[in-house]
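Below: the structure, in structure tokens.
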2 protein chains.
Amino acid sequence: MTVPPSRPTRIDTMRERNLALVLREVARGQPVTRARLAEVTGLTKTTVASQVALLEELRLVTTAGPVREGGRGRPGAPVSLAAGPVAGLGLEINGHYLAACVLDPTGEVRLSQTVACDNRGRDARETLEALGTLAQWVIARAAETGLDVVGTGVALPGVITEGNVNAPNLGWESVPAAALISGALHGQVFGVIVDNEANLGALGELWYGAGQGAGSYLYLSGETGIGAGIVVDGELFRGAHGSAGEIGHVVVDPRGTTCRCGGTGCLELVAGIDAVLLAAGLADDVGASEPGLAELLRRLDDGDRAARGAIEAAGQGLATALVGAVNLLDPDTIVLGGLHAHLAPWLTPAIEAAVAHGGGKLRGGRPAIRASALAAESAVRGAAGTVLAAVLADPSALA
Amino acid sequence: MTVPPSRPTRIDTMRERNLALVLREVARGQPVTRARLAEVTGLTKTTVASQVALLEELRLVTTAGPVREGGRGRPGAPVSLAAGPVAGLGLEINGHYLAACVLDPTGEVRLSQTVACDNRGRDARETLEALGTLAQWVIARAAETGLDVVGTGVALPGVITEGNVNAPNLGWESVPAAALISGALHGQVFGVIVDNEANLGALGELWYGAGQGAGSYLYLSGETGIGAGIVVDGELFRGAHGSAGEIGHVVVDPRGTTCRCGGTGCLELVAGIDAVLLAAGLADDVGASEPGLAELLRRLDDGDRAARGAIEAAGQGLATALVGAVNLLDPDTIVLGGLHAHLAPWLTPAIEAAVAHGGGKLRGGRPAIRASALAAESAVRGAAGTVLAAVLADPSALA
DNA sequence: TCACTTTAGTCCAGTCATTAGACTTAATCG
DNA sequence: CGATTAAGTCTAATGACTGGACTAAAGTGA
């Protein structure tokens, strides 16, 4: 086994764990009295009081004045998450833009900024430098509002292996992104976390979008490639080498054409945006997905044959791949994100039909199919959210 | 979120966790001195000594006399797992037999018994009664050897939803197996755990067979149906409704025939044992897999055309499904188990080729393909192992 | 209006697993 | 045989928790 030689539990570990426990219960419940916290956590009132005092000191929660609720005894003082100064920064690198957003512990977007620019051909260092500049600017603006950024999440369209990023769509090979960017972002308690766009998009939807309430679900991030973020019991599923969720290279047609990955009949070849545009006769727009997508939607509305045919093929491919994914992963919900969110009305019926049939008789629940609620923002939001999740998981790190 | 309102950490929780930590370190390391345990756990020598004393009292470990190793100072007294009296019972229900085995904490098989009988048509209660009788007999024999069974794991070919078992191959519908069997197995500290055969088979291979050393892997359990047990970081992956790993109903041919599940072109239809026998012209043997399998192997060796063709189709289907699984789950290793273990020599090449190509350029590691090391025993072993895993995870429950 | 009840939150002594470091034991080295 | 090294034990101190007593602030009913 490759299990890490797990840490011993010391007396202060106990304290840290209970601190996190109390904070977590405040986070869901929002205004909660100490008495109720004691009840729900199983800790004594004494302990809860001391933990809440600590959390107030860390400025993660605030206590309002006593509120009478019509109940009998002494009214309780409700504890809620503080809307500052602790905050998380989310960054995103994509083919056509850089984005940043700042979230406070309540999940509110306090600041958000997008810079259009072409990162496809550009040198990785150059792109990361631009991102660093953007980040510093956003952090400074946040500071003016009294926000203190305690960590940064970075989303990008690539696979991260041992700290190095491979992002074919950006032309990146083995770029130590976290190391390069953290120069511009020194002194943050929770440091810089770099992750795949699909993964962070999945978390964004889980925490702030269409995935709320779902325990386990699959988020589909469609761009030129197609990635999936897999969330299980509120945690990302990463696989043995960190490259789980590569649904774009699932085989949907064993008799199909050869893919750039070396395989045959991959999903990407029928349901990737470029593939759909090509099949719809919009070859000129390939590579510039956003305008191409707009044109595709127009033609679909007009009833254009080629467009309808292309989207149908894409729907069938997705259906096949997703039936496989449902049988293997058994998710609660499937969220269509990225550019595929816009195509959801045309894709959903085929997927729903296939999922209802495939293995339908054998499994307990049938997953719901939903379109992303955050659209293009899900990855940045997820990136910023990971910082807040880290705070929630170990608030004592701020001490 | 459906997160359980997690337990508070009290002072005795700390003790329990550290007790489990020490035991876990003894389990891997086998003869370890207290000094080394202190070093590796991060606890002080004092604490380790007191925890080891407790574990000795629970009869989970034993200390041997001091052993000189040629080193300098005072020689340490090696602590090892005890080969008794604590033991786990594993049970298995399958189409053609009932099986039981008893494992001690070292993982040694201390007792094992198989009873051939046809459980396909039989009433569920009747089968469970027979299993109960077998279990009681085995427990009594174990007691004669000084073994005390502290819990039972039951493997069966079905999906468990909220305690109820659906097992089409046994003709079971909504059978509360755990409740029915635990009458015959009262008074065990860790109670009765019922799980899917593929899941427990996966754990069996992980702990005692071909999966040792793999962090994340996929175990294929091939019988009439095909199931997969997915292990991630040493833990089973169950999905949202407990029916993850239904790889038998992944679509491998969108243009294929209709499956009993309602889907089209499922893996089971080309790679399930019955399907292979049928395609090989061994229709008479369908339903009696074991003798049919023997005949199939004979014909394969003889170079029979129909047999070779059938196995090739099965290999292609498996390859397609597994490429999908690898892309989605990113496992370390793939283990071919159940009846497919016997076919491994004929199936492996196609699978390896497909996995090497499909997504090969994009991912970090390529999974290894292995045949099961325990063959038919993996599920019973895994079932017994879950009990020991429960002991390892919380030894204080024995106090 | 005033005593009574109910509930929220604080205070204080006691518990107990852990730590740190001194001490004892048992081996090898020169 | 004394010096050195390492394993294991003993003892006092630490600190987060618990349980119960206490105070605070509301509503209830005669």
Side-chain angles (χ1 to χ4, degrees), chain A residues 6-23 25-26 29 31-57 61-80 395-396 399, chain B residues 7-23 25-26 29 31-57 61-79 395-396 399:
Chain A
S6 40
R7 312 256 150 266
T9 306
R10 274 188 265 273
I11 208 154
D12 44 300
T13 317
M14 183 166 77
R15 186 111 192 284
E16 284 165 18
R17 290 174 58 89
N18 284 332
L19 191 70
L21 175 64
V22 171
L23 181 56
E25 289 303 325
V26 172
V32 218
T33 65
R34 295 173 224 283
R36 172 130 191 79
L37 282 172
E39 201 179 305
V40 79
T41 57
L43 297 165
T44 59
K45 289 187 291 177
T46 314
T47 306
V48 168
S50 108
Q51 300 287 33
V52 168
L54 241 161
L55 290 171
E56 279 182 317
E57 213 168 279
V61 305
T62 47
T63 304
V67 169
R68 55 181 159 286
E69 270 187 342
R72 267 210 181 224
R74 167 176 167 179
V79 179
S80 330
S396 59
Chain B
R7 314 256 150 267
T9 307
R10 275 188 264 274
I11 208 155
D12 45 299
T13 316
M14 182 165 78
R15 186 111 190 284
E16 283 166 18
R17 292 173 58 88
N18 283 333
L19 191 71
L21 175 65
V22 171
L23 181 57
E25 289 305 325
V26 173
V32 217
T33 66
R34 297 179 220 292
R36 172 129 190 81
L37 281 172
E39 201 180 303
V40 79
T41 58
L43 298 164
T44 59
K45 289 188 290 176
T46 315
T47 305
V48 168
S50 108
Q51 300 286 34
V52 168
L54 240 159
L55 289 172
E56 280 181 316
E57 214 168 279
V61 305
T62 46
T63 305
V67 168
R68 54 181 161 286
E69 269 188 342
R72 264 199 185 234
R74 167 177 168 177
V79 179
S396 59

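In what follows, chains are A, B, ... by sequence order, proteins preceding strands, each numbered from 1. Here the structure is a predicted model, which is why all the values come from computation and not from measurement.
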Compare the minimum distances between each of [options] and the side chain of [X], then state the nucleotide with the smallest one.
X     : options                : answer
B/P75 : D/dC17, D/dT9, C/dA26  : C/dA26
A/R74 : D/dT18, C/dT18, D/dA24 : D/dA24
B/T33 : D/dG8, D/dT18, D/dT5   : D/dG8
A/Q51 : D/dT9, D/dG8, D/dC17   : D/dC17
A/A77 : C/dA17, C/dG9, D/dG8   : C/dG9
A/T47 : D/dA7, D/dC17, C/dG9   : D/dC17
B/T46 : C/dA20, C/dG9, D/dA16  : C/dA20
B/R10 : D/dT18, C/dA20, D/dA16 : D/dT18

Worksheet entry | Heavy-atom closest pair, residues A/T63 and A/A77 | CG2-CB, 3.5 Å
Worksheet item: Any idea which heavy atoms bring B/Q51 and B/R15 closest together, and the distance?
Response: NE2-O, 3.5 Å
For [X] and [N], give me the distance from atom [atom1] to atom [atom2], rounded to whole Å.
X     : N      : atom1 : atom2 : result
A/D12 : C/dA17 : CG    : P     : 17 Å
A/R34 : D/dT23 : CZ    : P     : 20 Å
A/R17 : D/dC17 : CZ    : P     : 12 Å
B/K45 : D/dC10 : NZ    : C1'   : 12 Å
A/L21 : D/dC17 : CG    : P     : 10 Å
A/E16 : D/dC17 : CD    : P     : 11 Å
B/R72 : D/dG8  : CZ    : C1'   : 20 Å
A/L19 : D/dG15 : CG    : P     : 17 Å

Practice prompt. First locate atom CZ of A/R34, then atom CG of A/L43, and finally report the distance between them rounded to the nearest 0.5 Å.
Written response: 14.0 Å
Fill in: From OG1 (A/T47) to CG (A/L19), nearest 0.5 Å
12.0 Å
Worksheet item: Do the side-chain N or O atoms of B/N18 get closer than 4.0 angstrom to the phosphate oxygens (OP1, OP2) of C/dA17?
Response: no
Worksheet entry | A/R15 or B/G73, whichever maps to the more 5' nucleotide of DNA chain D | B/G73
Discussion item. Nearest heavy atom decides the nucleotide; on that basis, is B/R36 or A/M14 closer to the 5' end of DNA chain D?
Written reply: B/R36
Worksheet entry | For A/V79, the option from A/V61, A/V22, A/T33, A/L23 that meets side chain to side chain contact (heavy atoms under 4.5 Å, CB included) | A/V61
Worksheet item: Starting at the 5' end of DNA chain C and moving along, which residue's nearest nucleotide shows up first, B/I11 or B/L43?
Response: B/I11
